[in-house]
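For reference, the structure discussed in these notes is given below.
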2 protein chains.
Amino acid sequence: MSRASERAYAAIRAHVLGGSVAAGDQLTEDQLAQITGVSRTPVREAVRRLEDELLLVRSDTNRLFVADWSRDDIEEMFVLRQMLECHAAERAAKRLSREQIAALEALNRELTAAVEQSPPDVARFLEANRAFHEAIIDAAHSPRLRQLLARLVEAPVVLRTARTYSQDDLRQSARDHDELVAAFAARDADWARAVMGSHLRRAFHTFARAVGPKTEGAANDRDGAEP
Amino acid sequence: MSRASERAYAAIRAHVLGGSVAAGDQLTEDQLAQITGVSRTPVREAVRRLEDELLLVRSDTNRLFVADWSRDDIEEMFVLRQMLECHAAERAAKRLSREQIAALEALNRELTAAVEQSPPDVARFLEANRAFHEAIIDAAHSPRLRQLLARLVEAPVVLRTARTYSQDDLRQSARDHDELVAAFAARDADWARAVMGSHLRRAFHTFARAVGPKTEGAANDRDGAEP
DNA sequence: CGTGTGGGTATTGTATACAAAACGCGCTCG
DNA sequence: CGAGCGCGTTTTGTATACAATACCCACACG
C-alpha cells in the first residue's frame, strides 16, 4: 500500500487502540486527516481497511464510529479464528519444508527468550508470536484462508489485554508452539490441528479471565454504533 | 454504499464475469471509469471491493489484473465455505425462531417450484437458494461470520457454471434444504451441521464435474498476475 | 405538549488536477 | 550480444474543490 494511506492506516489504528477515543465515539474524515497529516483521500482508504477489520463501524447513514465490541463478539472471533487456524495448521503440516520447520523453531526460540527475560518482554513476545502464526498460515498455501484470518488475528490480541498475561501464560504458549513444531516435524496433521485448537482455546480463556466474567444478557445484535 | 461507487462495482463485476475480458488481462482505472461512466474516485472504491472478493488482483507494483482462479483455488474456497457455513447452520439451529423456520420452508417451496418447472428456471432457483442460505447465516447471529462468508458464497457460484446443473442436481438441493429445515425444527445442531456439510460438498463435486477433471501439477502459488 | 417541517451546518461522496511511480523502449558501453 | 541506463509515456496515488446528503435545532401547527 502506498505511503500516505499506509501512514494514515497506522496512525488511525494507533489513535483508536491507544485509547485517545472511546468506543462509540464518532470520527470524521476531516478530523482523521488532520491527525494523520494527509488528505481525506488516503484517509478514506485507511478507514475502509479499518472497517474491514471491524475496528471502525458505520452507522446506517454512513457516519463513522469507533467500534464497541461486546465480550460475545470477541468470543465469536476466537471461535472463528480457531476454526480457520486449525485448518491452516492441518494444511501446513502437509506442506511445510524442513527449512520452514527450522524457521519455526527459530521463531519459537526467540519467543522463549522474550518470555524468560525478567521481566518478560511482552512486546517482543507478541511480535515473535505473530510471526510464528503467520509463518504457519503462509505455509498453508491458501490465499483465501490467509485473507480471512488477517481480519481475525490482530484485533483481539491488541485489545489492551497484552499486558495482562502472566509469565506462566507466556510459558505455556511457548510450550504449545514447541508441540506444534513437533507435530509438523512428524507431519501429523491431526496432531497439529489438535494442538492449535487447544492453544487458541486456552488463549481465549486467558483473555476472558483478564476481561472479566461473562455478561448476563445483552448480546448486542446488529451493528454496534454509538450508545 | 453510495450511488456512483455502487454502480461502478456492479458494472465492473458484470464486465469481468460477463467475459468481456480474459483472466489475466490488465485493467486500468481510467478504462474502468470510462466503462462505468463515473470518475476514478468511486472506481477505486469499487476496485477495492472486487480485490477483496478476489475477482481482481494487483501485481507487486500495483497494476490491476483480472484474477485467474485455478481449480485448486476454487476447491479451497468450497472447503472454507463448508467449514464456515456448517458452523452457521449449527448456530442457526440453536437460534432460529418458529417464524424463521417457517420462512425457510417458504423459501424452499419457492426453490422447489423453480426446479419443477420444465424446463427448470435456474435463475429463479439461484435466487431462492441464495436467500435460503442467507437466512441461515443471518440466523447464526454473528456479524463476523456473515462478513467472512460474504466473500466466499457468491463468487464460485457465479463462475459460469450456473447452467450446468441438471434437474436431478437441483432436486437434490431442494431435498437437502428440506432436511435442513427438519434439523432446524428438531433443534438438532449436529444434524444441521451434517446436512449442510454434505450439501455443500456435493455442490463442489457437481461443480468439479462440470469444470472438468483435476489438474495435474501446477497449483498456482503466490499472486496470480498475468501469464 | 408532541410531531413534523424548514433551513443552516456538518459530513460524506465525487470529480478533477496534479504528483509520484512504474513501464517500455531505444541507446550506449562493456 | 547483452546488461544496464535515460527518458518519454502510462498508470497509480494524493490533494483539493465542489456536490449531495444527513444532522440538528428552532419554530409552527395540530
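A note on names: the letters A, B, ... follow the listed sequences, proteins ahead of strands, and every chain is numbered from 1. Every value quoted in this text rests on a predicted model; they were computed, and no experiment measured them.
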**Request:** Examine the base of D:dA15 for any acceptor or donor lying under 3.5 Å from a partner atom in the side chain of A:T41, and report the outcome as yes or no.
**Result:** yes
**Prompt:** Looking at A:R151 and B:D52, does any basic side-chain N land under 4.0 Å from a carboxylate oxygen?
**Reply:** yes
**Request:** Would you mind checking if A:E134 and A:R130 are paired as a salt bridge, meaning a charged N to carboxylate O distance below 4.0 Å?
**Result:**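 Answer for the salt bridge query: yes.
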**Request:** Answer with base, sugar-phosphate or nothing: what part of the nucleic acid does B:R40 contact at a heavy-atom distance below 4.0 Å?
**Result:** base
**Message:** Under 4.0 Å, heavy atoms only, any strand: does A:L32 hit a base, just the sugar-phosphate, or nothing?
**Reply:**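 Nothing, no nucleic acid heavy atom in range.
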Measuring from the side chain of [X] (C-beta onward, heavy atoms only), which nucleotide among [options] has the closest atom?
X     : options                : answer
B:V38 : C:dA15, C:dT12, D:dT12 : C:dA15
A:P42 : D:dT12, C:dC23, D:dT14 : D:dT14
B:T28 : D:dC23, D:dT14, D:dT12 : D:dT12
A:N62 : C:dT12, C:dA22, D:dT16 : C:dT12
A:R63 : C:dA10, D:dG13, C:dT14 : C:dA10

Minimum side-chain heavy-atom gap [X]-[Y] below 4.5 Å:
X      : Y      : result
A:H199 : A:H133 : yes
B:R124 : B:E110 : yes
A:V21  : A:L27  : yes

**Prompt:** Would you say B:S2 reaches C:dT12's phosphate, i.e. side-chain N/O to OP1/OP2 under 4.0 Å?
**Reply:** no
**Asked** Hey, is the side chain of B:T61 poking within less than 4.0 Å of OP1 or OP2 on C:dC23, counting only N and O atoms?
**Response**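 Checking C:dC23 against B:T61, a side-chain N or O does come within under 4.0 Å of OP1 or OP2.
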Measure from [atom1] on [X] to [atom2] on [N] and round the result to the nearest Å.
X     : N      : atom1 : atom2 : answer
B:E29 : C:dA20 : CD    : C1'   : 14 Å
B:R58 : D:dT11 : CZ    : P     : 13 Å
B:R3  : C:dT14 : CZ    : C1'   : 11 Å
B:Y9  : C:dT14 : OH    : P     : 16 Å
B:L64 : D:dG13 : CG    : C1'   : 14 Å
B:R48 : C:dG13 : CZ    : P     : 15 Å
B:E45 : C:dT12 : CD    : P     : 13 Å
A:L27 : D:dC23 : CG    : P     : 16 Å

**Request:** Between A:A4 and A:Q26, name the one whose nearest nucleotide on DNA chain D is closer to the 5' end.
**Result:**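 That would be A:A4.
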